[in-house]
Each structure stands twice: as C-alpha cells, then as structure tokens.
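See structure below.
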Amino acid sequence: MKNNNKISLGIFLTMLLISSIAMATGPRVTQSMLVVAENEMFAVDAPPFISLAETEGGLNAEIVKSALAAVEIKSTLTVLPVVKMVNYYLYEEQALAVYDRHMSFSGDEKSLIYVPVFHMRENYFYSKFHHKSDLNWKGKLDDLSGLTYGAHRGENISVYEKAGIKVVFARHNILVKKLAAGEVDFIQMPTLTRDWMLEHDASIQQYHFAAMKAETELAPQFIVFNKNNPEGKKIAEKLKQGLQVILSNGKYENILKRYLHEGVDVEARVEALSQLIKQ
Amino acid sequence: MTKAVLLYAVALMMGLSAFNIRADNISFGANESPPYWSENMPFNGMGGEIMHTLSRIVGLGIRINFQPLQRLIDNDHNNDLGDPSFYIKNQDFSVIIPIAISQSSFHYYRPNHQHDLYIDSWDDLSGLKVGILKGGLEQREFFNELGIQFEESYKQESLIKKLRLGRLDVVIELDLVAKQLIDRLFPEDVDDFQLITISDSATPIAMMIDANYPNAHQLGEQYRKALAEIVEKGIYHDIVEKYYGAGKIPDDWFIRMDKYQRIYRFIEVE
C-alpha cells in the first residue's frame, strides 16, 4: 500500500530472553525472571511478529535474536501492553531500541536509526457479514469515500481524511471487535496477523476479515534504535552486520519459512531485505 | 395538611440525601485475590484498605464490586482495581495510580532440604519439582530442557500443602498470598517456610478511573494528593506492614511504586 510506504515499524530483539508484564492472577513464570536485562528493547505484543505465545518470541524477535547472535550480542526484549508505554521507555528513559507498527515518533527523527528486518504485506479487511456485496476497492482510497476506517492509535490518517473517509481510532483488539460489530467498515493489518488470528482464536470468524482485492506492495518493517542511548548506534550497526550474515548463510530464509505459509513469497522478502540492508 | 407538607419535606430531604450519597460514591471493580483484594476480608484486603483510606480523605464513599477477572476486562466502561496490564489493552483510563506492588518469590519448606537453597539462575532448580498456579508457565520447552519439573495446581492452597509434605521442592507464588496461606494452614511452622525473593518480578497494583468518568482528572489529583498524605504520615506504611508483618515490607517498595507511578501517568488519556 503506497499510503503506508513509510511505516514506522520496528522489530524486536531478544537473546533467548523475554520479559513481560504478568498476565495471570498468580505469578507468570518466564525464563527472563532470573536474568538481568541486557541491551533491553521494548515492543508491543503483535503476533506473529512479536508474541510470547511463540517459543522464540515471534518472527521479528527471532530474526533479530539470530542476527545479533551471529555477531555475539545479547539482548532482552520486554513486551508491553500498549504503544504509549513503549513511547515512555523511548523518550523518558532513552531505551536502546523499540518496535511497533504504529508508533509515531514525535518530532525527533534525527535521534532515531531505522534498521529493516522484514518485509510484509498489509491489506484492508472488511466484514462480508456487513458488506455482502464486496467493497468497491480498486486501489484508490477515493473508492472508499464515505465509509468508516478503523485506525490504530498513532497511525497517520491524513490520507483517509483527504479521501473523505471517516476515521475511528482504537487499539488493535478493539478494532477487530468493531469490524465484526459493523462499527467500522474496514481496518488495515498485515495479512500474516489476520492469518495468525484465524489460526489461534476460535472466536474469530473468517467472514469478518475478507481482504480487499488489490495488489499490495511489500513494505519494510524496522526496529528503531535510539541515538540518545549510549549503545544505540553501535548495536544498530551490529544488527545490520548480523542480518547480512544470516541472509548469506540461509538462516534468515529458514526462519521465514517456519513462520510464513506455503506459497508466501519468501524469496522476494529475502531479496528485498538483502537490497535494503546494503544501502 | 401541615403534616403532609412536613412528611413531603422529610421525604424530599431523604431523597436528596440519598442522591447525595450516590453522587458522593465511587465504584470500582476488583477480582477476588486475597489478601490484596477480598470481599470477605476486613476492609477488603490490603488494596481495599488503602482505597478506603484514600477515599475517606478525598471525601468519597467507595464501593468495590467483586467480579470474575474476565468480566472486568471485558467491561470497558468501569473503574478497575488491580494490575493495569490486565485492562489497558481494552480500555482507556483518565487516571491510573499505582497504590501498591506485588512480587513473587521462591518458597520452600526448610526441613525438607538438607541445606538452604540458593537460586540465582534456573539451573539451580534443575532436578527439583517446582509448583506453580495453573496457567502461569510460559516457554515450557526452555524449562523442560533444563530438567525442571513443573507441577501446576488450580489452587494456591494445594501448592503450600504439597510443599510442606515434600511433594514439591519449591513453589513460585506471590509473597503475600503464600504468607497468608502459611499463616492460616501451618501457624506452628511459619518459621520453617523460607522464601527467596525474585527481584524482577514486581507488578503494580493500581486504581484506574475510566476515561469517560465525570471529573476523572480532578478526582485523580485528589487521590494522588491523598496517597502522598498517607505515605508522609506513615498511615500507608502501617497498612502495608499489617499484611507483610513488622519490618518485612520489601526494601525497594517505594522506589518501584515511584517508577510505576511515572510510567502509568504517562499513558493516562488526556
């Protein structure tokens, strides 16, 4: 999607260790409980990219973990419940690095270093239950004028406003509910996220998440390093080196094959990152 | 006639009075989780006692509605008490004030071990049988590879009983929950139960006021001021110590409270 060519994405690292906020009424036992955080980075739970449900922390977490392992760097990923908390650590505590697809970096772009780690496709999804005749989408937002778009908090919505589309902001979980309830007409998310939801959540009905038919482009996701952190520049550079190593030894491709479904263009993604990382 | 007017006036006054009581009350939802929150404990447990004290200073009556956790999470228009991470994914709050913390420890029964236990890494638990509450274990493969045997139980009480019987070597549980159970189940053996605090396990216990609640920000400021007041006067210390025991409040309690208060203030909705 062209309107999202510059998605402020991130990614996230971990070197075997994932700490998170407790979610159960008793203590939540994770391997990170007994480990001192090292090169700590922060992300929002966003499966399959960042997910405590995945053994290695999710697709992006595993890519970063593997890339840093290739250059002998350890790191810790802390998963937070909302984007604003990630913002807190970035701006108030000068965190080393952060990741979320919808973070808005207010004003201080010069202090940030973007390292691409993965290319994904995003699509617009609508509910066939509420729109039995498919939405008239031919690749231009003007086609959706008059409808209501469910935007993630922090998302740049100027293109929707310009196209005469109403916008409702909410967090991902709420947007999914609103789409099913017909309170918004369409939302945007990575196709992989939709697939993950359908596989892991029995309450999700496929007909509520029909993809609009339009060719979408592969767009890079980034981990965002903070130059104001003393290690920011160095670890960002190390990650780039590590990515080159795992791209050339086949490790990167193997990770993608484990997370992506058959027929999903692994080779195109490997090639896209290889080109981007050289720049 | 005069009598009727008088009765009407009294009824009106009673009605207004009832209205004022309702208007001067604030309700929160909480999940039964003694001794932090409990419908059956005096003052509704430690968190309840702090909230009742704060509300009295603010000049509000407080009602705590005890409900299942999932119902509280699904209700995105109420005020909540507890760990904010349960709620903030689904609901916006104008006020989030951490009022206490909870933290976990490794608990063991000393007579069942030849030596004191030292647990600095997961390797130290290799070969031991560890008890936890059902649903609390993440990344199971990692622990299997280390040879740590986890046994999950639906009841915290069962964990403590098994610990004393030697059917479990170690139990991972919230400090206050374990303390309360040990005090009740084995009052003669309290000193034989040892704990090793997991330093990075702290989580906040907070009061949260919904984003659409009338005058939420103003109320939040009043509650913050009241919290500062009871901390300064030592009232807060006395409440917490009542539950932890004399001199047993975790050392870094107020440092962690301060950190959580900064983080959660940052994410409040304007």
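Lettering of chains follows the sequences in order, A, B, ..., and the numbering in each one begins at 1. All of these numbers come straight from a predicted model, not from anything done at the bench.
Only the backbone of B/Ser121 comes within contact range of chain A, with heavy atoms under 4.5 Å apart. Only the side chain of B/Ile198 comes within contact range of chain A, with at least one heavy atom under 4.5 Å from a heavy atom of that chain. Interface residue B/Ile267: backbone and side-chain heavy atoms are both found under 4.5 Å from chain A. Contact annotation for B/Gln103: neither backbone nor side-chain heavy atoms come within less than 4.5 Å of a heavy atom of chain A. Only the side chain of B/Phe150 comes within less than 4.5 Å of a heavy atom of chain A; its backbone N, CA, C and O stay farther away. Of the two parts of B/Asp124, neither the backbone nor the side chain holds a non-hydrogen atom closer than 4.5 Å to a non-hydrogen atom of chain A. Using a 4.5 Å cut-off between heavy atoms, B/Tyr87 does not touch chain A at all.
In summary, B/Lys155 and B/Glu173 do not engage in a salt bridge, as defined by a charged side-chain N under 4.0 Å from a carboxylate O. With respect to the salt-bridge test (charged N to carboxylate O, under 4.0 angstrom), the residues B/Glu157 and B/Arg184 qualify. Remark: B/Glu152 does not engage B/Lys129 in a salt bridge, criterion side-chain N to carboxylate O under 4.0 Å.
Using modelled atom types, one finds a donor on one side chain and an acceptor on the other under 3.5 Å when comparing A/Glu155 with A/Tyr149. If you check the side chains of B/Gln91 and B/Asp210, you find a donor sitting under 3.5 Å from an acceptor.
Here B/Asn90 is the residue among B/Asp76, B/Val177, B/Asn90, B/Val130 with the most heavy-atom pairs under 4.5 Å with chain A.
Side-chain atoms of A/Thr76 come within 3.5 Å of backbone atoms of A/Glu38 as a donor-acceptor pair (strictly under, hydrogens ignored).
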